[in-house]
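Working notes, beginning with the structure itself.
The first residue in the sequence is number 1, and the count goes up from there. In this text the structure is predicted, and so the values were computed from the model without any measurement.
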Amino acid sequence: MPTPAKTQLKIGDVVGDLMRGGMPVRFTAYDGSSAGPEDAEIHLELINQRGLQYLVTAPGDLGLARAYVAGDLVVHGAHPGNPYEAMQKIKDHTKFRAPSASELITILRGLGLSNLKPPPPPPQEHLPRWRRVMEGLRHSMVRDAEAIHHHYDVSNTFYEMVLGPSMAYTCAVYPSDTATLEEAQHEKFDLVARKLDLKPGMRLLDVGCGWGGMVRHAAQEYGVQALGVTLSQEQASYAKEMLDREGLSDLAEVRHLDYRDVLESDFDAVSSIGLTEHIGIKNYPAYFDFLHNKLKPGGRLLNHSITRHHNRPTPAGAFIDRYVFPDGELTGSGTIVTAAENSGFEVMHSENLRVHYARTLAHWNDNLVANWDAAVEEVGIGTARVWGLYMAACRVGFERNEVQLVQVLGGKVDAEGNDGFPLRPTW
């Protein structure tokens, strides 16, 4: 008797069947198969076998991201610099349900066992966590420096295209619905300055200072002696150039330095804007102890960081960990407040700016779209895709209250219990 022909499964049938919650967009594959509504505004097109291998060998957001960044999965109906509408529809549909044993055997045979061999990941992908031990223990100075280099030393020119003239890569604060990104970033720095009650002659330490936005603002607007430190050589070089250009070098300084290596103390204020996400939750006690020790009695700390909407341990997604923030960790603001209090800070105020970060990300995506061709020329198409995807996905996360942005203000109380705060806030 002749051997029965092997069943050839269609890619679209498998993807549509295994996608949790169903396929919310149109999906087509190079074998002519499809899934999802025909009239969907967003269309995902899998154009080759390598893309299928990415999906099969890393099911979920990592495989989808690999295929997209490599150009094997094409999104129609959304600009790669701002695929926000696509992310709105598919963000909750990036996980495949686990097939039964019999289903799995059928799928693998039907799609071909050759697809079980993973292709090399795109060059934009960082090492998996188990491989990063070669760079040092997690959140050691060596490994933190490498993680910061991966994300922040992309290209200052590229960051100017995305962030705009402020070069502020943290949540802006919008004073009105019609405020521009630059107005909102100015308001963010000024809000930090007002909460810290900065005055001429004070000394400010800005840890994780980025391109020096807070340092420059404090010196220029408040006459403060400001020291900023960053692990990114590119950021430090840019910040020093801007301080010289704006004639602020007599008041402000930026060093290429780990904050843990700052030797000076007795600062009147410390600002930490976007650093806590990188230091590791288990290191919060040492982090807040260090900052507390850097302040003089009556000094203030403003900690500005992305948080979760809860305080339960939650690992970062594979895409974020491999492509965006290696070793990054988030938790709820309650954990941050607790750690700060345990280090001796009197926590005076906490403010959630979640909706402001969604607006900030929308403006960054718009900037990337407006500068798309130049951005691709500067960093390459794969890296440009990573940034468009990550910012759009994060915007959805902030809009849905999956993540938040919280400012925590604390003070160092002196031996008599004086904290230096007025009866009511002045900001």
The single option from Y323, W364, Y159, W372 that satisfies ring pair (Phe, Tyr, Trp, His ring centres under 6.0 Å) with W387 is Y159
### Query
Is the number of heavy atoms from other residues, nucleotides or ligands within 6.0 Å of CD (E85) greater than 12?
no
Surrounding CD of E38 (heavy atoms of other residues, nucleotides or ligands, distance under 6.0 Å), is the total greater than 12? no
pair H356-K188: side-chain heavy atoms closer than 4.5 Å: no
Does the side chain of C394 reach to within under 4.5 Å of the side chain of V403, using non-hydrogen atoms?
-> no
Taken in chain and number order and not counting sequence neighbours, the residues that satisfy side chain to side chain donor-acceptor pair (under 3.5 Å) with T426 are none
Practice task
For E346 and V413, indicate whether the former's side chain and the latter's backbone hold a donor-acceptor pair under 3.5 Å.
Solution key: no
- Task: State whether the side chain of E182 and the backbone N or O of S166 hold a donor-acceptor pair below 3.5 Å, judged by distance alone.
- Result: yes
Under a 4.0 Å N-O cut-off, is there an ion pair linking D206 with R216?
-> no
Look at the side chain of N365 and the backbone N and O of G81, then say whether any donor-acceptor pair between them is shorter than 3.5 Å. yes
Do M161 and L368 come close enough that some side-chain heavy atom pair is under 4.5 Å? no
Please lay out, stage by stage, how F398 and I306 fare under the test side-chain contact (heavy atoms from CB on, under 4.5 Å). CA-CA 10 Å; F398 280 103; I306 301 172; 4.0 Å; yes
### Query
Quick one: does NZ or CZ of R203 land under 6.0 Å from the six-membered ring centre of F267, within 45 degrees of the ring axis?
yes
**Asked** Does D289 offer a backbone N or O that forms a donor-acceptor pair with the side chain of S343 under 3.5 Å?
**Response** yes
Next item on the list: Would you please say whether a donor-acceptor pair under 3.5 Å links the side chains of Q233 and S237?
Entry: yes
message: For G344, is there any backbone N or O sitting under 3.5 Å from a side-chain donor or acceptor partner on K412?
response: no
Would you say N352 and S333 are linked by a side-chain donor-acceptor pair, where the criterion is simply a distance under 3.5 Å? no
* Asked: Quick one: do R194 and E351 make a salt bridge, cutoff under 4.0 Å?
  -> no
message: Would you say that R300 contacts L295 through its side chain, given a criterion of any heavy-atom pair below 4.5 Å between the two side chains?
response: no
For the residue pair L181 and T360, establish whether any side-chain heavy-atom pair is separated by less than 4.5 Å. yes
Original post:
Near E41 CD, under 6.0 Å, is it more than 12 heavy atoms from other residues, nucleotides or ligands?
Top reply: no
Margin query: Between D414 and N418 (side chain of the first, backbone of the second, donor and acceptor by atom type, cut-off under 3.5 Å), is there such a pair?
Written below: yes
Using modelled atom types and a 3.5 Å cut-off, is there a donor and acceptor pairing between side-chain atoms of K195 and backbone atoms of Q407? no
| Can you find a pair of side-chain heavy atoms, one from L44 and one from V75, that are under 4.5 Å apart? | yes
**Request:** Compare all side-chain heavy atoms of Y68 with those of R385 and state whether any distance is below 4.5 angstrom.
**Result:** yes
For D244, is there an ion pair with K240 - N to carboxylate O distance below 4.0 angstrom? no
| If only atom types and distance count, is the side chain of N82 paired as donor or acceptor with the main-chain N or O of V369 below 3.5 Å? | no
Close side-chain approach of H363 to Y174, heavy-atom, < 4.5 Å = yes
message = L205 vs Y259, test: side-chain contact (heavy atoms from CB on, under 4.5 Å). Steps then yes/no.
response = CA-CA 10 Å; L205 172 62; Y259 77 92; over 6 Å; no
Could you label the plane-to-plane angle of the F325 and Y169 rings as parallel, tilted or perpendicular, counting under 30° as parallel and over 60° as perpendicular?
-> parallel
(request) Apply the test side-chain contact (heavy atoms from CB on, under 4.5 Å) to residues W427 and H349: give CA-CA distance (whole Å), side-chain angles for both, the deciding distance (0.1 Å), then the verdict. (result) CA-CA 11 Å; W427 57 87; H349 188 264; 3.7 Å; yes
Would you please classify the geometry between the F288 ring and the Y284 ring as parallel, tilted or perpendicular, with 30° and 60° separating the classes? perpendicular
- Query: Hey, does the side chain of D321 reach the backbone of D327 with a donor-acceptor pair shorter than 3.5 angstrom?
  - Reply: yes
Assess, by modelled atom type and distance only, whether the side chains of E399 and Y84 contain a donor and an acceptor separated by less than 3.5 Å.
yes
